[in-house]
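Below: one structure, written as structure tokens.
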Amino acid sequence: LASPSPASLASLSRALTQPKLGGAALATALSPLSQPTLLIHGGERDIVTPNWTEMPPTVQYKTLDDGGHLPFVETPETLSRTLLDFFDAADGVVSSRELKFAFF
């Protein structure tokens with residue numbers, strides 16, 4: 001996968017620091033990216049309310065129902081599986097679930 005340009009990263013950074021996460025600013029910032037992109041939200045218990053509408057086709061959106069604001073703490077296995085599924089789809093290589101989840 002190609003690396004995003006510094007200008008794309010700067011635009012994304014500006015969009016993520018807007019008063020409300022997402023919206024048109026985030027969609028605009030993500031539109032030049034050709035890389036698959038995953039946005040994750042922690043569900044109803046998350047303290048951030050996303051506004052992720054009309055995203056570019058390279059962007060996927062996933063809600064972790066019980067993820068809360070810290071899904072890597074509250075639901076690490078669900079988050080890990082979500083990320084692995086995304087990476088597997090992005091690079092076309094299926095990860096060994098037995099090796100990846102031996103620590104759970």
_Shortest non-hydrogen contact between Gln35 and Thr58, atoms and distance_ = O-CB, 3.6 Å
_Pairing residues for Thr28 by the side-chain contact (heavy atoms from CB on, under 4.5 Å) criterion, not counting sequence neighbours_ = none
*asked:* Looking at every non-hydrogen atom in both residues, tell me the closest pair between Pro71 and Gly68 and how far apart they are.
replied: CD-O, 3.9 Å
*Considering residues at least two apart in sequence or located in another chain, which fulfil the side-chain contact (heavy atoms from CB on, under 4.5 Å) criterion with Asp66?*
Arg45, Thr75
*Report the hydrophobic cluster partners of Ile40, with the cluster defined as I, L, V, M, F, W, Y residues connected by side-chain heavy atoms closer than 4.5 angstrom, directly or transitively.*
Leu38, Leu64, Leu70, Phe72, Val73, Leu79, Leu83, Phe86, Phe87
*In chain order, what residues pass the side chain to side chain donor-acceptor pair (under 3.5 Å) check against Thr63, with sequence neighbours excluded?*
Tyr61
_Which heavy atom of Pro56 sits nearest to which heavy atom of Ala27, and what is that distance?_
CG-O, 3.7 Å
_Min side-chain heavy-atom separation Val59-Leu39 under 4.5 Å_ = yes
*Quick one: closest heavy-atom pair of Asp91 and Asp88, and the distance?*
OD1-O, 3.4 Å
